[in-house]
J.: 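One structure coming up, written as structure tokens, with questions to follow.
Since we're looking at a predicted model, the values are computed, not measured.
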Amino acid sequence: QVQLEEFGGGLVQAGGSLRLSCAADGRTSDTVVMGWFRQAPGKERELVAAIKWSDTVYYADSVKGRFTISRDNAKNTVYLQMNMLKPEDTAVYYCAADPRPVVGSLEVFSGGMDYWGKGTQVTVSS
């Protein structure tokens, strides 16, 4: 089992920045892939970004050029730097992790990952 805890959500004005972090407590073999999902009220959950170790990344089209995912494997921690935030980025952001060492696009995790954090609210005001 992996315990995930998110930090860094909050309220920010449009155009501003926030940095989310997520610390994983568990075996590193269970966190081969780490990522961030979000879910806004009335909308489906969306895979925002994912990273496999440090060599493969995925971004949703809606955040490309604005968000950056990174990880510190020694700390088993993943980060999401969010710049140029828009009101439509408002959602609960969930950290997730998965042990599967998939080859190819990480978009395959759009349906979900094995382990989840409780989520952190990000609100972008216009």
Side-chain angles (χ1 to χ4, degrees):
Q1 285 291 332
V2 176
Q3 303 295 322
L4 301 170
E5 186 173 11
E6 302 97 339
F7 302 91
L11 173 65
V12 65
Q13 288 188 331
S17 298
L18 279 176
R19 188 191 195 210
L20 305 182
S21 62
C22 171
D25 181 10
R27 298 181 302 180
T28 55
S29 59
D30 284 333
T31 58
V32 174
V33 178
M34 298 186 78
W36 293 92
F37 291 75
R38 68 185 180 188
Q39 188 164 23
K43 294 189 176 181
E44 292 188 354
R45 184 181 64 196
E46 174 188 24
L47 174 60
V48 175
I51 184 167
K52 186 181 80 171
W53 291 122
S54 298
D55 60 359
T56 305
V57 296
Y58 165 84
Y59 294 102
D61 287 342
S62 57
V63 306
K64 282 181 181 176
R66 300 188 298 121
F67 291 11
T68 302
I69 190 169
S70 62
R71 64 188 291 172
D72 183 334
N73 292 325
K75 296 181 178 179
N76 217 7
T77 298
V78 66
Y79 306 94
L80 186 68
Q81 178 66 44
M82 304 185 293
N83 298 328
M84 296 182 287
L85 283 160
K86 304 175 181 180
E88 51 263 44
D89 294 317
T90 296
V92 177
Y93 284 70
Y94 297 91
C95 175
D98 200 281
R100 289 169 286 178
V102 297
V103 175
S105 173
L106 300 182
E107 190 175 10
V108 299
F109 290 101
S110 293
M113 296 186 185
D114 278 5
Y115 304 108
W116 294 88
K118 294 181 179 180
T120 185
Q121 177 70 45
V122 171
T123 302
V124 185
S125 63
S126 58

J.: Among residues at least two apart in sequence or on other chains, which ones pass side chain to side chain donor-acceptor pair (under 3.5 Å) with Lys64?
T.: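 Counting only residues at least two positions away or on another chain, Lys64 forms a side chain to side chain donor-acceptor pair (under 3.5 Å) with Asp61.
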
J.: OH/Tyr59 to CG/Leu80 distance, rounded to the nearest 0.5 angstrom?
T.: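 Taking OH in Tyr59 and CG in Leu80, the distance rounds to 7.5 Å.
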
J.: Tell me, with the steps shown, if Ser62 and Glu46 meet side chain to side chain donor-acceptor pair (under 3.5 Å).
T.: CA-CA 10 Å; Ser62 57; Glu46 174 188 24; 3.2 Å; yes

J.: So which heavy atom on Ala91 is nearest to which on Ala40, and how close?
T.: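 In this case the closest contact between Ala91 and Ala40 is CB-N, 3.8 Å.
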
J.: Does any non-hydrogen side-chain atom of Val122 lie less than 4.5 Å from one of Leu20?
T.: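 Sidechains of Val122 and Leu20: in contact.
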
J.: Would you say Val48 and Met82 make side-chain contact, with heavy atoms under 4.5 Å?
T.: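 They are not in side-chain contact.
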
J.: Taking all non-hydrogen atoms of both residues, which atom of Phe37 and which atom of Ala96 are closest, and how far apart?
T.: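 What the structure gives for the nearest pair is CE1-CB, 3.8 Å.
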
J.: With the side chain counted from C-beta on, respond yes when Phe67 and Leu85 share a heavy-atom pair under 4.5 Å apart, and no when they do not.
T.: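 Counting from C-beta outward, Phe67 and Leu85 do come under 4.5 Å.
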
J.: Specify the closest pair of heavy atoms between Ser126 and Pro87, including all atoms of both residues, with the distance to one decimal.
T.: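 Distance-wise, the nearest heavy atoms are CB-CG, 3.9 Å.
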
J.: Provide the full list of side chain to side chain donor-acceptor pair (under 3.5 Å) pairs with a residue in residues 112-122, sequence neighbours left out, each pair given once.
T.: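 Output for this query lists Gln121-Thr123.
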
J.: Are Arg27 and Val2 close enough that some pair of their side-chain heavy atoms sits under 4.5 Å apart?
T.: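 No, too far: nothing below the 4.5 Å cut-off.
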
J.: Taking only residues at least two apart or on different chains, which pairs with a member in residues 75-126 satisfy disulfide bond (SG atoms under 2.5 Å apart)?
T.: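 Residue pairs passing disulfide bond (SG atoms under 2.5 Å apart), neighbours aside: Cys22-Cys95.
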
J.: In terms of hydrophobic clustering (I, L, V, M, F, W, Y; side-chain heavy atoms under 4.5 Å; direct or indirect links), are Trp53 and Val102 co-clustered?
T.: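 Linked, Trp53 and Val102 end up in one cluster.
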
J.: Which atom pair, heavy atoms only, marks the closest approach of Arg71 to Ile51?
T.: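 For Arg71 and Ile51, the tightest heavy-atom pair comes out as NH1-O, 3.4 Å.
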
J.: Just jot down the salt bridge (Lys or Arg N to Asp or Glu O under 4.0 Å) partners of Arg45, sequence neighbours excluded, or say none.
T.: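 Listed in chain order: nothing, the list is empty.
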
J.: Could you tell me whether the side chain of Lys52 and the main chain of Leu106 form a donor-acceptor pair under 3.5 Å?
T.: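 Not at all, since once roles are kept as given, no pair shorter than 3.5 Å links the two residues.
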
J.: About how many Å separate CD of Gln1 and CG of Asp30, when rounded to the nearest 0.5 Å?
T.: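 Going from the CG atom of Asp30 to the CD atom of Gln1 covers 8.0 Å.
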
J.: Suppose the criterion is side chain to side chain donor-acceptor pair (under 3.5 Å): which pairs have a residue in residues 91-106, not counting sequence neighbours?
T.: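 The answer is Arg38-Tyr93, Asp98-Arg100.
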
J.: Quick one, Met113 and Val33 - any side-chain contact, counting heavy atoms below 4.5 Å?
T.: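 When only atoms from C-beta onward are counted, Val33 and Met113 do touch, with a gap below 4.5 Å.
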
J.: With heavy-atom distances below 4.5 Å as the criterion, would you say the side chains of Asp72 and Tyr79 are in contact?
T.: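 Yes, close enough: below the 4.5 Å cut-off.
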
J.: Do Leu11 and Val92 sit in one hydrophobic cluster, given that two such residues count as connected whenever their side-chain heavy atoms are within less than 4.5 Å of each other, even indirectly?
T.: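 Hydrophobic grouping puts Leu11 apart from Val92.
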
J.: Not counting sequence neighbours, which residues clear side chain to side chain contact (heavy atoms under 4.5 Å, CB included) with Gln81? List them please.
T.: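 Listed in chain order: Ser17, Arg19, Thr68, Asn83.
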
J.: Taking all non-hydrogen atoms of both residues into account, name the closest pair between Ala24 and Thr31 and its distance.
T.: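 Scanning both residues, the minimum pair turns out to be CB-CG2, 4.0 Å.
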
